[in-house]
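Okay, so here's the structure we're looking at.
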Amino acid sequence: MRLSRYFLPIIKETPSEAQIVSHRLMLRAGMIRQSSSGIYSWLPLGLKALKKVEAIVREEQNAAGAIEMLMPTIQSADLWKESGRYDDYGAEMLRITDRHQRDMLYGPTNEELITDIFRREVRSYKSLPLNMYHIQWKFRDEIRPRFGVMRGREFLMKDAYSFDVSKEEGVKSYNRMFVAYLRTFARMGLKAIPMRADTGPIGGDLSHEFIVLADTGESEVFFDKAFDGFDPMAEKAEFGADLQPIVDHWTSKYAATDEMHDPENCPADLNEGRGIEVGHIFFFGDKYSKALGASVQRSDGENTFVQMGSYGVGVSRLLGAIIEASHDENGIIWPESVAPFKVGLINMRVDDEACSTVCEDIYSQLEAAGVDVLYEDTNERAGGKFAKMDLIGLPWQLVVGPRGLKNGVVELKNRASGDRIEMTVEAAVAKLTA
RNA sequence: CGGGGAGUGGCGCAGCCUGGUAGCGCACCUGUUUUGGGAACAGGGGGUCGCAAGUUCGAAUCUUGUCUCCCCGACCA
């Protein structure tokens with residue numbers, strides 16, 4: 001992408017409405033713009049990063065055996081009245097009336113809808129286990145939206161729903177999601193710790209929140225120092241195998257948010273910090289299947305209410321969480337796996353023919369190799385180009401200027417480490433396409 | 001919902017107390033000189049001052065109402 005033809009509205013000053021660093025940087029880097037309180041438009045750069053995060057979530061869900069589908073944002077109130085949550089959910093649910101005066105709502109979650117689909121179609125235990133998910137926009141009319149996309153009213157969420165014939169099988173489904181979540185967050189460069197959670201309005205008795213550590217997190221967290229040495233990617237996840245040992249490994253050590261923390265009954269030597277909840281998984285048994293009459297016939301011929309779990313990831317919130325966890329005073333530092341572009345190609349002198357020729361050549365080579373590259377080909381001054389690249393935080397900056405070209409070199413800068421290395425064009429292209 | 005604050009060119013703000021027809025910085029456009037860490041000079045465009053009533057010869061400024069946004073608290077992926 002050529003920056004001269006891109007839409008990247010940078011803000012030099014610190015926006016006054018943004019209190020936390022991820023919100024400030026997302027506004028400044030031209031990723032998002034607020035549309036109304038807690039509701040945002042995703043500008044091209046922000047959308048690109050959002051799609052990267054979404055792709056990782058999707059890959060790990062698929063790997064764990066979940067099947068993607070898509071349910072609507074607008075739902076009929078009927079199912080919610082049937083489950084009893086139409087009244088329970090309260091003012092947080094955005095209620096809408098259509099032209100025929102039918103009660104509708106903008107979905108805050110999808111347990112009812114998925115259960116309805118299930119009960120209409122599935123009759124036999126032979127169809128189980130089943131886990132279906134979608135990645136869809138949700139709306140919860142938060143009392144007070146804040147922190148940009150971290151707590152918006154409209155947000156993108158991955159929610160998966162598992163169906164099993166028995167509690168034992170249901171726990172296996174739960175464990176698959178548990179491990180998928182460990183991998184998902186790790187791949188985004190995040191350290192996420194599963195913590196025993198309050199099940200809240202969704203209900204159930206088995207539940208974990210996945211908390212990313214960040215100073216600006218919303219809840220206080222307490223966890224065993226042993227987590228410092230835990231690496232989710234070290235354990236090879238074989239989703240067909242018994243995952244209980246991995247889950248046990250991660251849940252045997254103490255970890256709790258403030259609401260679940262028990263100072264009377266925890267190890268003495270704990271890490272304390274703040275965290276951002278980026279995922280929440282529940283096993284709630286037959287709570288919804290009973291309310292909505294979703295049952296299957298077992299091999300013994302008896303009918304049984306299906307055992308369900310639900311598994312959420314705050315996809316749009318993750319963008320904020322990643323930036324909270326990875327930035328410096330100059331801007332965002334994207335982990336390569338979720339960076340909107342892998343490399344920013346900086347043409348120091350657009351009006352210098354030799355310089356531009358080399359840049360064009362590098363640009364087409366990188367594009368041809370499938371490298372996501374943002375070519376800074378504007379007429380801006382050097383300082384502005386550097387500041388902008390640091391702000392948007394692409395992992396690599398390739399600086400091409402007449403000064404270096406005189407000696408046959410370009411400069412490759414690593415955003416995270418700040419290291420700059422001079423090398424030939426060929427070496428730089430080779431490094432970036434490796 | 002309770003408490004606090006703010007709405008004035010795209011952004012950040014001043015002006016309001018003490019009414020007289022709107023200003024600064026950045027951004028934007030043109031030109032010239034510049035060009036390796038957010039350039040300089042000159043010229044230029046852009047605002048019915050959130051909205052609505054009212055007071056007044058006259059309202060950004062005073063009064064009332066209303067909408068929106070932000071911050072603190074209770075609630076949430």
Side-chain angles (χ1 to χ4, degrees), chain A residues 9-20 23 27-28 30 33-39 57 89-93 107-110 135-160 181 185 192 197-202 207-212 217-219 257 259 275-282 310-321 330-331 346-352 355 376 378-391 397 399-406 409-411 413 418 420 422:
Chain A
I10 295 289
I11 300 172
K12 243 195 251 186
E13 305 84 12
T14 301
S16 60
E17 76 269 23
Q19 298 302 305
I20 63 169
H23 190 192
L27 289 168
R28 290 194 54 212
R33 287 293 181 266
Q34 179 165 307
S35 164
S36 61
S37 181
I39 302 177
V57 172
Y89 228 93
E92 202 158 283
M93 185 155 69
T109 179
N110 290 68
I135 299 174
Q136 177 65 292
W137 293 91
K138 305 272 192 292
F139 194 93
R140 290 182 193 168
D141 200 358
E142 295 285 341
I143 295 168
R144 186 152 91 87
R146 62 185 120 174
F147 304 150
V149 301
M150 296 263 279
R151 180 143 44 140
R153 293 195 290 172
E154 188 181 54
F155 56 97
L156 187 63
M157 182 173 173
K158 185 285 302 182
D159 42 325
Y181 275 36
F185 301 128
D198 186 13
T199 53
I202 296 182
S207 176
H208 288 92
E209 291 178 351
F210 287 76
I211 306 278
V212 169
E218 295 196 81
S219 44
T257 59
E259 50 194 18
I276 301 164
E277 182 183 350
V278 291
H280 201 158
I281 60 180
F282 303 86
S310 78
Y311 315 89
V313 170
V315 178
S316 48
R317 166 179 281 195
L318 271 169
L319 274 289
N330 294 321
I346 302 179
N347 184 340
M348 296 298 291
R349 288 291 299 272
V350 190
D351 55 0
D352 182 294
C355 186
E376 166 41 298
T378 70
N379 200 18
E380 196 174 356
R381 300 167 63 81
K385 294 193 178 201
F386 288 133
K388 184 179 294 187
M389 276 299 169
D390 284 351
L391 174 62
Q397 296 173 16
V399 183
V400 181
R403 207 172 69 185
L405 288 181
K406 242 181 273 173
V409 295
V410 294
E411 184 183 279
K413 175 180 163 180
R420 308 178 200 187
E422 293 200 327

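Chain naming here is simple, since letters A, B, ... match the order of the sequence lines and numbering starts at 1 in each. Quick caveat: nothing in here was measured; it's all calculated off a predicted structure.
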If you check every side-chain atom of [X], which of [options] has the closest atom?
{"X": "A:Ile143", "options": "B:G73, B:C76, B:G38", "value": "B:G73"}
{"X": "A:Ala387", "options": "B:G38, B:C76, B:G36", "value": "B:G38"}
{"X": "A:Gln34", "options": "B:C70, B:G37, B:A77", "value": "B:C70"}
{"X": "A:Ser37", "options": "B:U35, B:G36, B:C70", "value": "B:C70"}
{"X": "A:Arg146", "options": "B:G37, B:C76, B:C72", "value": "B:C72"}
{"X": "A:Glu277", "options": "B:G36, B:C69, B:A77", "value": "B:A77"}

What is the pairing partner of [N], taking Watson-Crick or G-U wobble pairs with both distances under 3.5 Å in any strand?
{"N": "B:G47", "result": "none"}
{"N": "B:C16", "result": "none"}
{"N": "B:C26", "result": "B:G10"}
{"N": "B:G2", "result": "B:C72"}
{"N": "B:U63", "result": "B:A53"}
{"N": "B:G37", "result": "none"}

Checklist entry - Sub-3.5 Å donor-acceptor pair from the side chain of A:Tyr311 to the main-chain atoms of A:Lys158, do we have one? => result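 No; judged by distance alone, with no hydrogens or angles, the pair does not exist.
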Assign [X] to base, sugar-phosphate, or nothing according to its heavy-atom contacts below 4.0 angstrom with the strands shown.
{"X": "A:Pro9", "value": "nothing"}
{"X": "A:Val399", "value": "base"}
{"X": "A:Arg33", "value": "nothing"}
{"X": "A:Lys413", "value": "base"}
{"X": "A:Gly90", "value": "nothing"}
{"X": "A:Gln19", "value": "sugar-phosphate"}
{"X": "A:Gly401", "value": "base"}

Checklist entry - How are the rings of A:His280 and A:Phe282 set relative to one another: parallel (under 30°), tilted (30 to 60°) or perpendicular (over 60°)? => result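 Plane angle under 30°, so parallel.
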Output a table of nitrogen or oxygen pairs between the protein and nucleotides 6-14 of chain B separated by less than 3.5 Å.
none

Taking atom [atom1] in both [N] and [M], compute the distance separating them and give it to the nearest angstrom.
{"N": "B:G7", "M": "B:C11", "atom1": "P", "value": "14 Å"}
{"N": "B:A39", "M": "B:U21", "atom1": "C1'", "value": "37 Å"}
{"N": "B:G65", "M": "B:A77", "atom1": "P", "value": "39 Å"}
{"N": "B:G50", "M": "B:A22", "atom1": "P", "value": "15 Å"}
{"N": "B:U30", "M": "B:G45", "atom1": "P", "value": "15 Å"}
{"N": "B:G2", "M": "B:U66", "atom1": "P", "value": "13 Å"}
{"N": "B:C28", "M": "B:U61", "atom1": "C1'", "value": "30 Å"}
{"N": "B:G9", "M": "B:G47", "atom1": "P", "value": "11 Å"}

In whole angstroms, how far is the [atom2] atom of [N] from the [atom1] atom of [X]?
{"X": "A:Arg144", "N": "B:U68", "atom1": "CZ", "atom2": "C1'", "answer": "16 Å"}
{"X": "A:Glu218", "N": "B:A74", "atom1": "CD", "atom2": "P", "answer": "11 Å"}
{"X": "A:Glu142", "N": "B:A77", "atom1": "CD", "atom2": "C1'", "answer": "9 Å"}
{"X": "A:Gln397", "N": "B:G36", "atom1": "CD", "atom2": "P", "answer": "16 Å"}
{"X": "A:Asn379", "N": "B:U34", "atom1": "CG", "atom2": "P", "answer": "14 Å"}
{"X": "A:Asp351", "N": "B:G36", "atom1": "CG", "atom2": "P", "answer": "12 Å"}
{"X": "A:Arg153", "N": "B:C69", "atom1": "CZ", "atom2": "P", "answer": "7 Å"}
{"X": "A:Phe282", "N": "B:C76", "atom1": "CZ", "atom2": "C1'", "answer": "11 Å"}

Checklist entry - Is any N or O donor-acceptor pair between the side chain of A:Arg151 and the base of B:C75 shorter than 3.5 Å? => result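 Such a pair is found, so the answer is yes.
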Checklist entry - Would you say the base of B:G37 and the side-chain of A:Arg420 have a donor-acceptor pair closer than 3.5 Å? => result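 Present.
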Item to check | Side chains of A:Gln19 and A:Arg146 in contact at under 4.5 Å (non-hydrogen atoms) | outcome: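 No. Closest side-chain heavy atoms not under 4.5 Å.
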Checklist entry - If we ignore angles and hydrogens, is there a donor and acceptor under 3.5 Å between the side chains of A:Glu209 and A:Ser207? => result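 Short answer, no.
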Checklist entry - Does the pair A:Asp159 and A:Ser310 meet the rule for a side-chain contact (heavy atoms from CB on, under 4.5 Å), with working shown? => result CA-CA 7 Å; A:Asp159 42 325; A:Ser310 78; over 6 Å; no
Checklist entry - So A:Phe386 and A:Ile346, side-chain contact (heavy atoms from CB on, under 4.5 Å) or not? Walk me through it. => result CA-CA 8 Å; A:Phe386 288 133; A:Ile346 302 179; 4.0 Å; yes
Item to check | A:Phe155 ring over B:A77 six-membered base ring, under 5.5 Å and 30° | outcome: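 Yes, A:Phe155 stacks on the base of B:A77.
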For the residue pair [X] and [Y], what are the closest heavy atoms and their distance?
{"X": "A:Pro9", "Y": "A:Arg33", "result": "O-NH2, 2.8 Å"}
{"X": "A:Arg140", "Y": "A:Met157", "result": "NH2-SD, 4.2 Å"}
{"X": "A:Val410", "Y": "A:Leu405", "result": "CG1-CD2, 4.1 Å"}

Next on the checklist: Assuming nearest nucleotide by heavy-atom distance, tell me which of A:Gly38 and A:Leu156 is located more 5' along RNA chain B.
Outcome noted: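 Comparing both residues, the 5'-ward one is A:Gly38.
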Tabulate atom names and distances for all N/O pairs under 3.5 angstrom spanning the protein and nucleotides 39-42 of chain B.
unit_1, atom_1, unit_2, atom_2, d
B:A39, OP2, A:Arg381, NE, 3.2
B:A39, O4', A:Arg381, NE, 3.3
B:A39, N9, A:Arg381, NH1, 3.2
B:A39, N7, A:Arg381, NH1, 3.4

Checklist entry - Can A:Lys388 and A:Glu380 be said to form a side-chain contact (heavy atoms from CB on, under 4.5 Å), step by step? => result CA-CA 10 Å; A:Lys388 184 179 294 187; A:Glu380 196 174 356; 3.4 Å; yes
Item to check | Charged N-O contact under 4.0 Å between A:Lys413 and A:Asp390 | outcome: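 Yes, charged N to carboxylate O under 4.0 Å.
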Next on the checklist: Could you go through A:Leu27 and A:Gln34, starting from their C-alpha distance and side-chain angles, then the distance that decides it, and tell me whether this counts as side-chain contact (heavy atoms from CB on, under 4.5 Å)?
Outcome noted: CA-CA 9 Å; A:Leu27 289 168; A:Gln34 179 165 307; 5.6 Å; no
Item to check | Qualifying residue, where the test is side chain to side chain contact (heavy atoms under 4.5 Å, CB included) with A:Val313 and the options are A:Val278, A:Ile135, A:Val57 | outcome: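 Output: one option passes, namely A:Val57.
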